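Written below as structure tokens is the structure these notes are about.
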Amino acid sequence: MARNYFFAICLGLAAIGSMIGGAARPAAAALSCGGQSLVQPFRPWIDPANYVAVQNGSLESTNGWTLAGGAKLVAGNEPWTVGSRADTHSLALPSGSSATSPALCVTLLHPTLRFFATNSGSPLSLLRVDAITTLGGSTLTLPVGLLVGGAWQPTLPVAFLTNLTSPLTGPVQFRFTPIGTASGWQIDDVYVDPFKDR
Ligand SMILES: [Ca+2]
């Protein structure tokens with residue numbers, strides 16, 4: 001039986017951004033992070049958008065990532081090897097663990113996160129995704145998704161907000177945290193579409 005992933009987009013994040021940021025949306029032409037290579041890893045899933053790979057988002061290495069609670073690289077790539085056919089690893093997230101990605105520059109124009117995930121453990125274990133950015137010099141953690149898993153699949157695109165103090169660009173990190181016991185979550189090939197509207 002095919003299993004589908006479902007993201008529950010938490011809270012009214014767009015409304016929150018509007019309340020806190022209050023800045024008018026800038027012209028798309030003014031937005032640029034610079035120096036980012038664009039790829040289309042989700043074209044086989046009828047998603048032609050340009051994405052930027054998170055640093056070591058292929059999870060062949062965890063340099064730049066912050067791992068806790070037993071999160072670690074394991075043998076076995078997502079089966080489509082969209083990053084490179086030479087890739088052989090993914091990141092296992094047992095219960096009690098978490099993994100936080102390196103920061104990536106994104107724009108505020110409807111950026112989205114998309115990656116691959118599987119859960120071979122308890123079907124009751126969920127995967128929470130948070131976006132971490134800054135607001136007025138303070139760290140701000142925004143819940144952006146809650147994943148229900150099964151076999152390896154690309155997730156749905158997940159919208160998130162960026163540095164609310166900047167109307168143009170800002171750094172954002174992503175934290176992946178399994179919820180519940182007997183997690184068998186693994187993630188791989190993490191990408192961001194930094195300018196969804198363009
Ligand atoms: Ca990999």
Side-chain angles (χ1 to χ4, degrees), residues 1-7 36-106 111-132 144-158 160 172-194 196:
M1 181 179 68
R3 294 179 175 176
N4 296 318
Y5 290 99
F6 172 73
F7 270 103
Q36 294 182 330
S37 298
L38 302 177
V39 292
Q40 296 175 304
F42 299 103
R43 183 178 284 278
W45 292 272
I46 318 176
D47 176 2
N50 289 313
Y51 286 84
V52 174
V54 170
Q55 180 188 347
N56 282 324
S58 64
L59 292 161
E60 301 300 302
S61 163
T62 55
N63 287 342
W65 286 70
T66 301
L67 306 182
K72 65 177 181 180
L73 290 187
V74 293
N77 203 78
E78 51 82 9
W80 299 277
T81 56
V82 300
S84 167
R85 293 190 175 182
D87 287 353
T88 56
H89 288 77
S90 55
L91 181 66
L93 294 166
S95 295
S97 72
S98 68
T100 304
S101 76
L104 179 73
C105 174
V106 297
T112 57
L113 169 73
R114 199 169 189 189
F115 58 101
F116 292 80
T118 183
N119 176 25
S120 59
S122 168
L124 298 179
S125 176
L126 307 179
L127 183 65
R128 171 177 168 156
V129 183
D130 295 297
I132 303 172
V144 295
L146 197 59
L147 200 61
V148 177
W152 277 111
Q153 284 195 37
T155 69
L156 296 173
V158 184
F160 61 89
V172 64
Q173 295 174 275
F174 300 98
R175 185 171 63 207
F176 303 86
T177 309
I179 306 299
T181 59
S183 161
W185 282 99
Q186 291 170 245
I187 63 170
D188 205 359
D189 288 333
V190 182
Y191 291 91
V192 167
D193 178 352
K196 193 70 175 179

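Positions are given from 1 along the sequence. The structure presented is a predicted model; accordingly, all values stated were derived computationally and were not measured.
Taking both residues in full, the closest heavy atoms of S90 and G76 are given as OG-O, 2.7 Å, listed atom of the first, atom of the second, then distance. Closest approach of L59 to V190, counting heavy atoms only: CD1-CG2, 4.3 Å. Closest heavy-atom contact between P48 and R43: CB-NH2, 4.3 Å. When all heavy atoms are compared, the tightest approach of S97 to P178 is O-CD, 3.3 Å. Nearest heavy atom pair, residue W152 against residue I187, reads CH2-C, 4.0 Å. The shortest non-hydrogen separation linking S122 to T181 is CB-O, 3.7 Å.
Remark: the backbone N or O of R114 is not paired with any side-chain donor or acceptor of T155 at under 3.5 angstrom. The backbone N or O of A68 sits nowhere less than 3.5 Å from a side-chain atom of S98 that would complete a donor-acceptor pair. For E60 (side chain) and A86 (main-chain N/O), no donor-acceptor pair under 3.5 Å exists by modelled atom type. Using modelled atom types, no side-chain atom of W65 and backbone atom of A99 make a donor-acceptor pair closer than 3.5 Å. A distance-only check finds no donor-acceptor pair linking the side chain of S101 to the backbone of Q173 [under 3.5 Å]. W185 contributes a side-chain N or O that, together with a main-chain N or O of S125, makes up a donor-acceptor pair within less than 3.5 Å. Between the side chain of D188 and the backbone N or O of E78, at least one donor-acceptor pair lies under 3.5 Å. Between the side chain of N119 and the backbone N or O of G184 there is at least one donor-acceptor pair closer than 3.5 Å.
Between R175 atom CZ and T66 atom OG1 the span is 10.5 Å, to the nearest 0.5 Å. Taking OG from S58 and CG from L91, the interatomic distance works out to 11.0 Å, rounded to the nearest 0.5 Å. How far CZ of R128 is from CG of L93: 14.0 Å, rounded to the nearest 0.5 Å. From L127, atom CG reaches atom OG1 of T177 across 7.5 Å, with rounding to the nearest 0.5 Å. With rounding to the nearest 0.5 Å, the separation of CD in Q186 from CG in N77 is 10.0 Å. Within the model, atoms CG of D130 and CG of L146 stand 10.0 Å from one another, a figure rounded to the nearest 0.5 Å.
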message: Show, in sequence, the C-alpha distance, side-chain angles and deciding distance for V129 and V158, and conclude whether the side chain to side chain contact (heavy atoms under 4.5 Å, CB included) test is met.
response: CA-CA 9 Å; V129 183; V158 184; 5.6 Å; no
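Looking only at side-chain heavy atoms (C-beta outward), Y191 and P154 stay at 4.5 Å or farther from each other. Residues T100 and I132 meet the side-chain proximity criterion, which asks for heavy atoms closer than 4.5 Å. The shortest side-chain heavy-atom distance between D189 and W80 does not fall under the 4.5 Å cut-off. When side chains are defined from C-beta on, V192 counts as touching L113, because their heavy atoms get closer than 4.5 Å. Using a 4.5 Å heavy-atom cutoff, the side chains of V148 and L126 are in contact.
Here the two rings, on F174 and F115, have centers that are 6.0 Å apart or farther.
F116 and F42 have parallel rings, their planes meeting at less than 30° on a 0 to 90° scale where 60° marks the start of perpendicular.
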